[in-house]
> 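Sharing a structure with you now.
Order of the sequence lines sets the chain letters (A, B, ...), proteins ahead of strands, with each chain counted from 1.
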There are 2 protein chains.
Amino acid sequence: MPCGSKSVSMIGLFAALADTTRLRLLNLMAGREVCVCYFVEILGQSQPKISRHLAYLRQAGIVAARREGKWMHYSICTPADAAAASILAAALEALGNDRKMRADRARLDRACCAPKEKVVFPGRS
Amino acid sequence: MPCGSKSVSMIGLFAALADTTRLRLLNLMAGREVCVCYFVEILGQSQPKISRHLAYLRQAGIVAARREGKWMHYSICTPADAAAASILAAALEALGNDRKMRADRARLDRACCAPKEKVVFPGRS
DNA sequence: GCCTCACATTCGCTTAGACGAATATATTAT
DNA sequence: ATAATATATTCGTCTAAGCGAATGTGAGGC
């Protein structure tokens with residue numbers, strides 16, 4: 001679904017992609033919506049830093065934010081401009097082939113989608 | 001044909017693409033080798049500025065330079081890294097859809113590849 | 001109301017990049 | 001060797017971006 005509001009200038013898109021932290025954030029958002037607290041946990045970076053980079057991506061028009069109570073969820077939003085969309089897609093696919101990026105995703109899987117605690121049934125130690 | 005020498009970090013590639021002048025240069029080089037003097041003429045920018053941006057692109061590993069006498073010819077060289085190559089390809093394709101970029105290419109055609117003067121056949125006005 | 005949690009933003013600093021102007025280098029012509 | 005041409009690099013300045021530290025804001029919980 002297209003993002004709509006802000007026009008993504010080509011330059012702005014490339015500038016947004018030219019930063020390690022932002023690429024890692026986008027990588028974690030590939031195909032899913034992610035809460036800020038997970039970004040902080042997985043990337044091991046300060047919360048203000050994460051927040052600033054998310055703001056940058058939002059202004060660049062490639063992610064959208066959704067509030068849910070106290071939490072903010074971010075997700076990638078395909079730019080309306082077809083050219084920008086194809087570049088973003090190429091970038092995301094490239095990220096999927098990177099070892100470190102895969103490791104980040106794996107850690108997010110474990111932190112986010114795994115059961116909170118190992119479930120222990122009484123009497124089964 | 002791959003460029004080889006310098007590894008193109010993803011970040012470096014995006015940074016190289018995040019500048020109007022450099023995108024215009026790449027656009028002019030799409031599918032052909034171009035002499036520096038044409039860049040200067042077509043873009044209407046100072047020679048040192050053009051030269052600096054070409055150096056940046058060369059360091060980023062996405063263009064190659066070839067000397068021929070007093071002249072330097074630049075051309076796009078596909079990065080060895082497949083991910084970088086696909087991103088560069090997507091970028092170039094996107095450039096081809098832009099009005100201003102098309103205009104630049106047209107001007108290069110006229111300056112570089114057109115007959116120097118209109119050929120006039122005698123007796124045909 | 002007040003307090004806390006989850007984020008966002010601002011401040012001051014440092015650094016990278018872009019620019020014009022000037023200068024340096026390499027090649028050919030004389 | 002000198003000069004001219006084509007291109008590259010350096011210098012000084014300015015602006016934008018990244019960072020940590022501190023502070024601001026918005027939503028629940030009490």
> Assign B:Arg67 to base, sugar-phosphate, or nothing according to its heavy-atom contacts below 4.0 angstrom with the strands shown.
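B:Arg67: backbone/sugar contact only, no base atoms under 4.0 Å.
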> Rounded to the nearest angstrom, tell me the gap between atom CG in A:Asp19 and atom C1' in D:dC19.
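Spelled out: CG on A:Asp19 to C1' on D:dC19 is 11 Å.
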> Could you check whether A:Lys49 gets within reach of a base, just the sugar-phosphate, or nothing at all, counting any heavy atom under 4.0 Å?
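A:Lys49: backbone/sugar contact only, no base atoms under 4.0 Å.
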> Under the criterion side chain to side chain contact (heavy atoms under 4.5 Å, CB included), I'd like the reasoning laid out for B:Thr21 against B:Arg24: C-alpha separation, chi angles, the key distance, then a yes or no.
CA-CA 5 Å; B:Thr21 303; B:Arg24 292 180 77 189; 5.7 Å; no
> Quickly work out the B:Phe14 CZ to D:dA17 P distance and round it to whole Å.
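The distance from CZ of B:Phe14 to P of D:dA17 comes to 18 Å, rounded to the nearest Å.
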> First and last nucleotide of DNA chain C in contact with chain B, 5' to 3', at under 4.0 Å to a heavy atom: what are they?
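Reading along DNA chain C, I get C:dG17 to C:dT28.
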> Rounded to the nearest angstrom, tell me the gap between atom CH2 in A:Trp71 and atom C1' in D:dA27.
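That distance rounds to 10 Å.
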> Name the one of B:Thr20, B:Leu23, B:Asp98 that satisfies side-chain contact (heavy atoms from CB on, under 4.5 Å) with A:Met10?
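It is B:Leu23, the one option of B:Thr20, B:Leu23, B:Asp98 that forms the side-chain contact (heavy atoms from CB on, under 4.5 Å) with A:Met10.
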> Does B:Arg67 reach the main-chain N or O of B:Gly69 with its side chain, forming a donor-acceptor pair under 3.5 Å?
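Between the backbone of B:Gly69 and the side chain of B:Arg67 there is a qualifying donor-acceptor contact (under 3.5 Å).
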> Any heavy-atom pair between the side chains of A:Arg66 and A:Met72 that's under 4.5 Å?
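No, their side chains stay 4.5 Å or more apart.
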> How many whole angstroms separate atom NE2 of A:His53 from atom C1' of D:dG20?
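Interatomic distance, NE2 of A:His53 to C1' of D:dG20: 12 Å.
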> Take the protein atom CD of A:Gln47 and the nucleotide atom P of D:dA21, then report the distance between them rounded to whole Å.
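These atoms are roughly 14 Å apart.
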> Roughly, in whole Å, what's the span from CG in B:Leu54 to P in D:dA8?
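Interatomic distance, CG of B:Leu54 to P of D:dA8: 7 Å.
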> Testing A:Asp19, A:Val34, A:Leu54 one by one against A:Leu25 for a side-chain contact (heavy atoms from CB on, under 4.5 Å), which residue passes?
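It is A:Leu54; the other options fail the test.
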> Round to the nearest Å and state the distance from A:Arg66 atom CZ to D:dA27 atom P.
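Answer to the nearest Å: 14 Å.
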> Relative to the 5' end of DNA chain D, which residue comes earlier, A:Lys70 or A:Thr21, by the nucleotide with the nearest heavy atom?
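With A:Lys70 and A:Thr21 compared, the 5'-side residue is A:Thr21.
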> Return the value, rounded to whole Å, for the distance between atom CD of A:Glu68 and atom P of D:dG26.
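Taking CD of A:Glu68 and P of D:dG26, I get 19 Å after rounding.
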> Can you confirm whether more than 12 heavy atoms, excluding those of B:Glu93, are under 6.0 Å from its CD atom?
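Atom CD in B:Glu93 is not crowded, with 12 or fewer foreign heavy atoms closer than 6.0 Å.
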> Check whether any side-chain heavy atom of A:Phe39 sits under 4.5 Å from a side-chain heavy atom of A:Gln45, and report yes or no.
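Answer no - side chains too far apart.
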> Hey, does A:Phe39 reach any base, or is it just sugar-phosphate, or nothing, if we go heavy atoms under 4.0 Å?
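No contact at all - A:Phe39 keeps every heavy atom at 4.0 Å or more from the nucleic acid.
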